*Asks:* 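Shown below is the structure under consideration.
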Amino acid sequence: MSDAFDTDPLPQRLVSGLSRLAVALRTAQWRDAEALDLTAAQLQMLVLLGGHGVAMRLSDLAARQGVSRPTASDSVAALERKGLVTRQPDQRDGRATLLSLSPAGAEIAESVGPGAAPMLAVAAVLPLAEQTQLLRLIIKLIRGLQMRGAIAPARICVTCQHFRPGAHPDKPATPHHCALVDAAFGDRNLRLDCREHDPAPAAEAEIIWRRFSGADAQPQTEGLAS
Ligand code: SF4
């Protein structure tokens, strides 16, 4: 093949493509937010709180959003004034408060999703095998960023102590197992933000990861709690 095709290293082109997708997502979020008289950051906060399912501390919310605590605090104050977010004292820590959606905030969070209508339409027409493969790749990228401290920990299956990757080698469509609900599931069902996620201790997480990523061909339950 001609050297003319090797101008940029492949990882650099991948990141360039991902950054274009990020711009498309941000633009869609901005448009959704504007229609609701919110900023994109405020709308993202509502969606994060809605997806989390239970009340969150401001520090956790700021980490999930990738912003500083004062920046998150400004967004929360604006959302409180609009009657979309409420605060309650944290019973476990007298100095902290917990943030929840008001009924009006929950309604908005449910209606808009992650601000990705155009991206959803594009993803939905990919063949199922490609959607599933893409989900695996996204999970690998999220975990990699997490391991480098570049993003806040996400509640993904591959870091959960209930995850048993490849526990059902006889079931190609549903090779994995969730020990919490005692059910088999496939790559297409891997969770990106599971409310029942329970972080695995470091050694266990490494075993889970090696099995999921195919780096370990040992029996699938060895080293993991049953
Ligand atoms: S509890 Fe949730 S995150 Fe953990 S393995 Fe089951 S589905 Fe995945």
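Because the structure is a prediction, the values reported are computed rather than measured. Atoms within each ligand, like the ligands themselves, are counted from 1 in listed order.
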*Asks:* Listed by chain and number, what are the salt bridge (Lys or Arg N to Asp or Glu O under 4.0 Å) partners of Arg87, not counting sequence neighbours?
*Replies:* Glu80

*Asks:* Counting no waters, what protein N/O/S atoms lie under 2.8 Å from atom 2 (Fe) of ligand 1?
*Replies:* Cys194 SG

*Asks:* So for atom CG, which belongs to Asp37, do other residues, nucleotides or ligands contribute more than 12 heavy atoms lying within a distance under 6.0 Å?
*Replies:* no

*Asks:* Looking at Thr132, is its backbone amide N or carbonyl O close enough to the side chain of Arg136 to form a donor-acceptor pair, meaning the two atoms are under 3.5 Å apart?
*Replies:* no

*Asks:* Filter on side chain to side chain donor-acceptor pair (under 3.5 Å), then keep only pairs touching residues 169-180, sequence neighbours left out; what's left?
*Replies:* His168-His177, His176-Asp187, His177-Asp182

*Asks:* Distance-only, no hydrogens or angles: does the Gln131 side chain make a donor-acceptor pair with backbone N or O of Ala123 under 3.5 Å?
*Replies:* yes

*Asks:* Could you pull out all residues at least two apart from Thr86 that satisfy side chain to side chain donor-acceptor pair (under 3.5 Å)?
*Replies:* Gln88

